[in-house]
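Position 1 is the first residue of the sequence; numbering continues from there. One-based numbering, in listed order, for ligands and for the atoms of each.
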Amino acid sequence: PSGVLLTGSKYGCGGGGCGACTVMVSKYDPQTKSINHSSVNACLLPVCQLHGAAVTTVEGIGSTKTKLHPVQERVAKAHGSQCGFCTPGMVMSMYSLLRNNPQPTLEDILEGLAGNLCRCTGYRPIVDGYRTFCESENCCQLNGTACSLANGNGSVEPIENGQPELFRKEDLLPLDPTQDLIFPPELMRMAEIKD
Ligand code: FES
Ligand code: FES
């Protein structure tokens, strides 16, 4: 078979509006010696613009065959995926955000996901899964009052508004930014030579 055959990134609209095709593009700037990561709509990105850039798709950050990335694990365990078609795009928007800002606020997360549409979940469980990446997370709607997780008393049965929670934060893989994919060194050399 020819081509790369990575079917994880989806086609939802072709107009840049749904985010189902979101991937991360990374470029090295030899001037500032820094690497820039951005989330982009693959449906609108001509491949001829990608000379010297690294593209990361949902398959690139983790899989059930090896190990899921926390961004993948959290949206799944928080019930943020129903039909699943928008999920790769959600995952890559959140992944790109964390590559630039490993300690986002809730506002950063909402902004990061603003270009991603979901027809199934109502967004609530996606945001609930991802707000676990926030340092000062309010784990429930009570803004930390009367919450066993927020006050750290280690209750085995976290209660939200009198109901058991749908997932437990303690069961989630920690985010370890030191284990993220490295930028391909050959592309760094290529950029230095061109400079
Ligand atoms: S397919 Fe909808 S934004 Fe690319
Ligand atoms: S889970 Fe179906 S579109 Fe988001």
Side-chain angles (χ1 to χ4, degrees), residues 1-27 36-101 104 106-134 137 139-141 160 163-169 171-173 175 181:
S2 63
V4 288
L5 294 178
L6 295 173
T7 56
S9 311
K10 305 298 185 210
Y11 185 84
C13 68
C18 75
C21 63
T22 306
V23 299
M24 185 178 81
V25 171
S26 309
K27 286 185 181 156
N36 181 277
H37 303 289
S38 28
S39 59
V40 303
N41 292 140
C43 69
L44 296 178
L45 187 67
V47 75
C48 56
Q49 285 188 0
L50 288 173
H51 186 64
V55 178
T56 307
T57 69
V58 69
E59 298 93 336
I61 67 169
S63 88
T64 50
K65 290 203 189 84
T66 53
K67 185 167 174 249
L68 287 180
H69 189 277
V71 175
Q72 297 167 319
E73 192 215 16
R74 292 188 195 197
V75 72
K77 286 199 174 157
H79 307 274
S81 187
Q82 286 187 26
C83 79
F85 201 82
C86 73
T87 310
M90 293 287 176
V91 163
M92 291 315 293
S93 288
M94 189 63 209
Y95 179 80
S96 311
L97 170 62
L98 289 174
R99 288 301 298 258
N100 289 315
N101 176 5
L106 182 57
E107 286 69 34
D108 296 332
I109 293 173
L110 296 180
E111 200 176 308
L113 298 179
N116 291 81
L117 299 182
C118 174
R119 283 296 204 178
C120 305
T121 63
Y123 302 101
R124 164 81 189 263
I126 301 174
V127 174
D128 278 352
Y130 284 157
R131 68 194 292 180
T132 58
F133 287 115
C134 301
E137 195 223 342
C139 67
C140 62
Q141 294 302 297
E160 183 184 345
Q163 302 293 322
E165 285 193 331
L166 292 175
F167 70 97
R168 286 167 52 93
K169 199 179 166 189
D171 297 340
L172 303 172
L173 293 169
L175 178 71
L181 296 168

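- If you number the atoms of ligand 2 from 1 as listed, the ones under 4.0 Å from a heavy atom of R119 come out as 3 (S).
- Figure legend: R74 and Y130 shown without cation-pi pairing, the cationic atom not lying both under 6.0 angstrom from the six-membered ring centre and within 45 degrees of its axis.
- The distance from ligand 1 to the heavy atoms of G16 drops below 4.0 Å at these ligand atoms: 3 (S).
- Atoms of ligand 2 found under 4.0 Å from any heavy atom of G84 (numbered from 1 in listed order, with element): 1 (S), 2 (Fe).
- With a cut-off of 2.8 Å, atom 2 (Fe) of ligand 1 has no N, O or S atom of C43 in range.
- Here the side chains of L97 and S39 are not in contact, with every heavy-atom distance at 4.5 Å or above.
- Each of the following atoms of ligand 2 lies closer than 4.0 Å to a heavy atom of C83: 1 (S), 2 (Fe), 3 (S).
- K10 NZ to C21 SG: the interatomic distance, rounded to the nearest 0.5 Å, is 12.0 Å.
- Of the inter-residue distances, the one linking T64 atom OG1 with E73 atom CD reads 12.5 Å to the nearest 0.5 angstrom.
- Distance from atom 1 (S) of ligand 2 to its nearest protein heavy atom, with residue and atom name: Q82 N, 3.3 Å.
- Each of the following atoms of ligand 1 lies closer than 4.0 Å to a heavy atom of C18: 1 (S), 2 (Fe), 3 (S).
- One distance of note links CG of N36 with CG of N100; it measures 7.0 Å at 0.5 Å rounding.
- Listed by number with element, the atoms of ligand 1 under 4.0 Å from a non-hydrogen atom of G17 are 3 (S).
- A donor-acceptor pair shorter than 3.5 Å can be found between the side chains of H37 and S26.
- Residue Q82 places its CD atom among more than 12 non-hydrogen atoms of other residues, nucleotides or ligands, all under 6.0 Å distant.
- Ligand-side atoms of ligand 1 in range of G14: 1 (S), 2 (Fe), range being under 4.0 angstrom from any heavy atom.
- Within the 2.8 Å limit, C21 places no N, O or S atom next to atom 2 (Fe) of ligand 1.
- Angle SG(C86) to atom 4 (Fe) of ligand 2 to SG(C118): 100° [nearest 10 degrees].
- Atoms of ligand 1 found under 4.0 Å from any heavy atom of G19 (numbered from 1 in listed order, with element): 2 (Fe), 3 (S).
- Ring centroids of Y95 and H69 are separated by less than 6.0 Å, placing the two rings close together.
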